[in-house]
Amino acid sequence: MPKNSKVTQREHSSEHVTESVADLLALEEPVDYKQSVLNIAGEAGSKQKAVEEELDAEDRPAWNSKLQYILAQIGFSVGLGNIWRFPYLCQKNGGGAYLVPYLVLLIIIGIPLFFLELAVGQRIRRGSIGVWHYVCPRLGGIGFSSCIVCLFVGLYYNVIIGWSIFYFFKSFQYPLPWSECPVIRNGTMAVVEAECEKSSATTYFWYREALDISNSISESGGLNWKMTLCLLVAWSIVGMAVVKGIQSSGKVMYFSSLFPYVVLACFLVRGLLLRGAVDGILHMFTPKLDKMLAPQVWREAATQVFFALGLGFGGVIAFSSYNKQDNNCHFDAALVSFINFFTSVLATLVVFAVLGFKANIMNEKCVVENAEKILGYLNTNILSRDLIPPHVNFSHLTTKDYAEMYNVIMTVKEDRFSALGLDPCLLEDELDKSVQGTGLAFIAFTEAMTHFPASPFWSVMFFLMLINLGLGSMIGTMAGITTPIIDTFKVPKEMFTVGCCVFAFFVGLLFVQRSGNYFVTMFDDYSATLPLTVIVILENIAVAWIYGTKKFMQELTEMLGFRPYRFYFYMWKFVSPLCMAVLTTASIIQLGVTPPGYSAWIKEEAAERYLYFPNWAMALLITLIVVATLPMPVVFVLRHFHLLSDGSNTLSVSYKKGRMMKDISNLEENDETRFILSKVPSEAPSPMPTHRSYLGPGSTSPLETSGNPNVHYGSGYLLAGTPESEL
């Protein structure tokens with residue numbers, strides 16, 4: 001053999017050498033296609049399976065352990081929404097009654113679709129773009145839409161981590177800076193800041209000191225430099241965690257996924273020891289059955305299931321694609337779903353225990369303030385002392401005594417009672433005050449912690465927990481962007497990951513303006529919900545109706561070693577698509593009936609006011625929804641009319657350290673024929689087609705030879721180690 005031949009170079013060098021098929025097979029013996037790993041329709045021998053598994057292990061990174069993988073999935077699915085959105089929805093939608101629709105939808109939609117995403121990622125071993133391109137090329141746009149939604153979510157989600165970083169560093173002082181209103185000194189006079197006096201110290205700190213928020217979304221107000229620095233720190237942390245892929249993020253998950261449970265356990269124990277904690281927990285778990293059947297409750301429960309499990313984002317698929325083929329992803333789906341639900345309930349217990357404590361403090365404060373009013377009325381003879389029960393002692397006034405006194409005065413002074421301005425001071429009223437999202441974490445919970453002994457310690461722990469919860473979700477979100485792009489376009493991992501973080505930081509400056517919080521509301525509440533629902537519906541349809549549920553179940557049986565329950569067959573085929581179609585319709589109707597809006601903080605009033613988005617903001621919102629959903633119809637049309645190739649007729653063979661690997665390169669038709677059948681093109685039974693279109697389940701391959709009806713060459717030119725040869 002010539003010394004300068006490519007084969008000789010391959011044998012004496014470890015460098016990656018790519019050569020044409022003709023060069024390779026000129027020195028090889030004719031291939032028996034029945035025993036070859038290239039035969040798809042024929043019987044696959046144990047040798048073929050061993051080669052596939054060995055090549056897979058070499059080509060694709062893998063998790064160091066099953067524990068690392070489970071922690072990654074938990075870190076992605078368990079996020080900030082479990083801490084503040086789930087408790088808020090429980091409080092808003094009937095307490096314990098809300099758990100019924102949530103559990104039902106988790107079982108019939110959440111777990112089946114979570115299992116589906118885990119299975120396709122593990123089976124095909126690619127990111128979302130490669131997975132859905134393989135399952136159905138015409139629906140290949142699903143993967144691109146998932147990447148765009150991940151980008152939208154990542155842009156604002158990291159801003160929330162930035163807020164947590166700001167509060168984390170502010171917690172290292174005593175007293176906490178949000179425990180008291182600031183005092184403005186003018187010479188010898190000291191006046192409490194009016195905006196703070198009208199609201200509360202924690203509310204003032206959040207809106208004025210942290211966000212320095214404007215009165216509306218139309219008032220930009222420029223960048224908030226404090227939050228800009230925090231956003232830079234947040235993206236730096238995320239970038240360092242994901243720059244090496246799962247090799248770096250997997251190690252981070254050991255801390256970021258486990259630490260929040262340590263903090264939640266500490267808060268639960270501390271919360272249960274607080275006065276009034278039981279009142280909060282009983283209030284939460286007391287079901288209000290009249291709300292349980294409301295359509296709005298079921299719609300919000302379904303949305304929470306989607307976001308809680310990370311369905312449609314691509315992160316679940318990306319993480320599972322690094323698994324071994326024989327991993328029991330059915331067990332993983334059930335385990336992660338249970339832990340996610342358990343975490344939501346645990347967080348709700350903690351939140352309502354602490355809020356019960358806060359409600360008792362606020363109720364006692366209300367009693368003291370109103371008792372002072374009554375004393376004033378008694379001293380000015382507006383009220384008669386005969387109205388006060390003899391056992392009431394104003395020095396040690398209990399809530400029960402005040403309630404008795406309040407009822408007597410209201411009965412006697414019925415005609416003039418409203419003019420007295422007395423409040424009932426009911427504990428139920430305090431517990432019923434719903435605080436949503438960031439307000440629950442940065443206002444209500446933060447205010448409660450100011451009453452804790454050693455409050456800075458608890459504040460540091462709480463915001464460090466939020467940072468880690470957000471980091472785990474951001475790692476999964478970034479994987480939903482980087483994994484499919486790197487798999488599909490073969491871009492350098494480190495360079496692309498760093499580029500994504502830099503790009504996201506600069507775009508994220510939109511959210512650290514003084515009006516940035518209103519854009520967070522737009523992205524969080526509206527931009528991702530509808531596209532995600534469409535993505536999940538099409539994922540279900542692609543597997544259940546196009547690829548084929550029976551075929552998919554059979555392949556799961558081969559992969560797992562046992563047949564999944566028939567329950568999944570009916571959920572994937574009928575129940576889940578129907579439920580999601582109803583959810584999508586309800587979401588569209590809701591947007592039409594109730595125009596999108598946001599809660600604006602009005603500085604002069606020191607209060608929130610609900611405002612509708614202006615026309616330009618509505619145009620931006622519609623654009624975001626269209627951009628996120630556009631790849632799906634575009635790819636469908638392009639591939640339906642053959643304007644975009646599905647990429648099946650692109651193949652070359654390269655050698656690396658003596659092993660055959662897949663590389664993307666265009667081949668001549670004769671090279672393909674020679675590679676698959678023999679050395680010489682004339683020996684081929686029939687010419688190979690120049691284009692392979694998608695074949696649905698049960699379709700006949702165009703590669704069947706007319707000369708021999710018993711011989712089939714499969715549905716494409718496939719190599720061991722590629723996803724097509726694995727599913």
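Surrounding CZ of Phe562 are more than 12 heavy atoms belonging to other residues, nucleotides or ligands, all under 6.0 Å away. For Lys66, the NZ atom is densely surrounded, since the number of other residues' heavy atoms within 6.0 Å is greater than 12.
Looking at heavy atoms from C-beta onward, Phe115 lies in side-chain contact with Leu556 at the 4.5 angstrom threshold. Considering only heavy atoms from C-beta on, Thr477 stays 4.5 Å or farther from Tyr157 through its side chain. Using a 4.5 Å heavy-atom threshold, the side chains of Asp525 and Pro596 count as separate. Counting heavy atoms from C-beta outward, Trp298 and Val104 have side chains that approach closer than 4.5 Å. Side-chain contact between Ile109 and Phe306: present, with at least one pair of heavy atoms (C-beta onward) separated by less than 4.5 Å. Counting heavy atoms from C-beta outward, Ile481 and Leu151 have side chains that approach closer than 4.5 Å. Looking only at side-chain heavy atoms (C-beta outward), Ile148 and Pro631 come within less than 4.5 Å of each other. Counting only heavy atoms from C-beta outward, the side chains of Tyr156 and Val153 approach each other to under 4.5 Å.
Of all heavy-atom pairs spanning Met478 and Cys500, the tightest one is CE-CB, 4.0 Å. Nearest heavy-atom pair across Met632 and Ser145 is CG-OG, 3.4 Å. Ser473 and Phe76 get closest at one heavy-atom pair: OG-O, 3.4 Å. Considering all non-hydrogen atoms of both residues, Ala528 and Val149 come closest at CB-CG1, 4.2 Å. Between Trp235 and Ala504, the closest heavy-atom pair is CZ2-CB, 3.3 Å. Pairing each heavy atom of Pro61 with each of Lys493, the nearest pair is CG-NZ, 4.4 Å.
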Quick one: do Val135 and Ile124 satisfy side chain to side chain contact (heavy atoms under 4.5 Å, CB included)? Show the steps, please. CA-CA 9 Å; Val135 172; Ile124 302 174; 3.9 Å; yes

Evaluate the criterion side chain to side chain contact (heavy atoms under 4.5 Å, CB included) for residue pair Met522 and Leu624; output intermediate values, then yes/no. CA-CA 10 Å; Met522 176 190 293; Leu624 292 173; 4.3 Å; yes

Please determine whether side chain to side chain contact (heavy atoms under 4.5 Å, CB included) holds for the pair Leu139 and Trp132, giving the CA-CA distance in whole Å, both sets of side-chain angles, and the decisive distance to 0.1 Å. CA-CA 7 Å; Leu139 295 181; Trp132 300 117; 5.7 Å; no

Going through the distances and angles, do Ile486 and Lys490 end up as a side chain to side chain contact (heavy atoms under 4.5 Å, CB included)? CA-CA 5 Å; Ile486 292 170; Lys490 310 300 179 186; over 6 Å; no

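Here the SG-CD1 distance, from Cys136 to Ile546, works out to 4.0 Å after rounding to the nearest 0.5 Å. Taken from CD in Glu539 to OG in Ser128, the straight-line distance is 8.0 Å, to the nearest 0.5 Å. Within the model, atoms OG1 of Thr529 and CG of Asp524 stand 7.5 Å from one another, a figure rounded to the nearest 0.5 Å. One finds the OG atom of Ser527 at 7.5 Å from the CD1 atom of Ile625 (value rounded to the nearest 0.5 Å). Put simply, CG on Leu335 and CG on Asn340 are 11.0 Å apart, with the number rounded to the nearest 0.5 Å. The CG atom of Leu538 sits 10.5 Å away from atom OG1 of Thr629, with the distance rounded to the nearest 0.5 Å.
Ser337 pairs with exactly one of Ile111, Val305, Asp332, Ile107 by the side chain to side chain contact (heavy atoms under 4.5 Å, CB included) rule, that one being Ile111. Partner of Ser321 under the side chain to side chain donor-acceptor pair (under 3.5 Å) criterion, chosen from Arg126, Arg60, Gln122, Arg125: Arg60.
Checking side-chain atoms of Thr483 against main-chain N and O of Gly480 turns up no donor-acceptor pair under 3.5 Å. Not a single donor-acceptor pair under 3.5 Å links the side chain of Thr488 to the backbone N or O of Ile485.
Between the side chains of His133 and Arg639, a donor-acceptor pair is found at a separation under 3.5 Å.
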Tell me which donor-acceptor pairs under 3.5 Å the side chains of residues 563-582 have, and how far apart each pair is, sequence neighbours excluded?
from   : atom 1 : to     : atom 2 : distance (Å)
Tyr568 : OH     : His330 : NE2    : 3.0
Trp572 : NE1    : Pro112 : O      : 2.8
Lys573 : NZ     : Ala544 : O      : 3.3
Ser576 : OG     : Ile108 : O      : 2.8
Ser576 : OG     : Met571 : O      : 3.2

List, one per line, each side-chain donor-acceptor pair under 3.5 Å for residues 307-317, sequence neighbours excluded.
none

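Remark: Lys324 pairs with no residue by the salt bridge (Lys or Arg N to Asp or Glu O under 4.0 Å) rule, at least two apart or across chains.
Classification of Glu558 and Arg123 as a salt-bridged pair holds, one side-chain N sitting under 4.0 Å from a carboxylate O.
Between Trp63 and Tyr69, the ring planes lie tilted relative to each other; the angle falls in the 30° to 60° range. The aromatic rings of Tyr134 and Tyr547 lie tilted to each other, with the angle between the two planes from 30° to 60°.
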